[in-house]
Amino acid sequence: AQSVTQLDSHVSVSEGTPVLLRCNYSSSYSPSLFWYVQHPNKGLQLLLKYTSAATLVKGINGFEAEFKKSETSFHLTKPSAHMSDAAEYFCVVSERGGSYIPTFGRGTSLIVHP
Amino acid sequence: NAGVMQNPRHLVRRRGQEARLRCSPMKGHSHVYWYRQLPEEGLKFMVYLQKENIIDESGMPKERFSAEFPKEGPSILRIQQVVRGDSAAYFCASSPEGTGELFFGEGSRLTVL
């Protein structure tokens, strides 16, 4: 069985400051992990993915995430927030060797203040 | 390469009517997933299909909801006798074989009056 917990429903930062969106997962198999972003009234866009290669994954728009097996975490970071980063972010786990049905976290709303 | 295409983008139905939502996956993708998103909530898995097969429908309500992915044509999510609680955004995603990586459409937003 697999699950994912996004620890914060809302994160508020000032433009130019670092972003940290937290995600913990549970998986019976080797997980693939993803972060997606959703802007209002839009579909979801893939930011980055981890599939058992390098544990530090770089994505689009300056985002990164680090897979930490010992902590079962896959937190999303960005050194400097931009106003256009304001959106909903979803952490997703999919089990390689399992059902391949990706499970979504509840989402974290990122608010960026000028 | 066109992305995942969903239509209609917006659909309004009265209680008791039927809603049909269509999804054309990306070229070369044989796996289709449907998710439902309620306001202020994440995406809830509904059904996972491959061509002509329902692989997992554990997230689908037992009544009124059905899905198909025929050999030819788009995947269809059908909701019969809609109720107000069916109002939501319905997202389709497609995936290449066995990767778990999802490519999403823009969603179909159903409003039940």
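It should be emphasised that the depicted structure is a prediction, and the values quoted were computed from it without experimental measurement. Numbered from 1 within each chain, the chains take letters A, B, ... in sequence-line order.
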### Message
Other residues, nucleotides and ligands only: do more than 12 of their heavy atoms fall within 6.0 Å of CD on A/Glu15?
### Response
yes
### Gap separating the OG1 atom of A/Thr103 from the CG atom of B/Leu43, nearest 0.5 angstrom
11.5 Å
### Query
What residues join B/Val32 in its hydrophobic cluster, counting side-chain heavy atom gaps under 4.5 Å, either direct or through other members?
B/Leu11, B/Leu21, B/Trp34, B/Met46, B/Val47, B/Leu49, B/Ile54, B/Met60, B/Phe65, B/Phe69, B/Leu77, B/Ile79, B/Val82, B/Tyr90, B/Leu110, B/Val112
### Message
Test of understanding: clusters of I, L, V, M, F, W, Y form through side-chain heavy atoms closer than 4.5 Å, transitively. Do B/Phe91 and B/Ile76 belong to the same one?
### Response
no
## Note on the structure
Within residues 37-45 of chain A, contacts to chain B at heavy-atom distances under 4.5 Å involve A/Gln38, A/Asn41, A/Lys42, A/Gly43, A/Leu44
### Query
Does B/Arg9 CZ have over 12 foreign heavy atoms under 6.0 Å away?
yes
### Task
Please check if A/Tyr50 and A/Leu56 belong to a single hydrophobic cluster, counting links between Ile, Leu, Val, Met, Phe, Trp and Tyr side chain heavy atoms closer than 4.5 Å.
no
#### Entry: A/Ile101 side, atom CD1; B/Phe45 side, atom CZ - distance, nearest 0.5 Å
3.5 Å
### Task
Determine, using the 4.5 Å side-chain heavy-atom cutoff (strictly less than), whether A/Met83 and A/Leu76 are members of one ILVMFWY cluster.
yes
### Task
Tell me whether A/Phe74 is reachable from A/Ile60 by hopping between hydrophobic residues (I, L, V, M, F, W, Y) whose side-chain heavy atoms are closer than 4.5 Å.
yes
### Task
Measure B/Gln37 against the heavy atoms of chain A and call it side chain, backbone, both or neither at under 4.5 Å.
side chain
### Query
Are A/Tyr36 and B/Phe104 close enough that their ring centres sit under 6.0 Å apart?
yes
### Query
Could you state the interatomic distance from CZ (A/Phe104) to CG (B/Leu102), rounded to the nearest 0.5 Å?
5.5 Å
### Task
Compare every heavy atom of B/Tyr33 with every heavy atom of A/Pro102, then report the nearest pair and how far apart it is.
CD-CE2, 3.6 Å
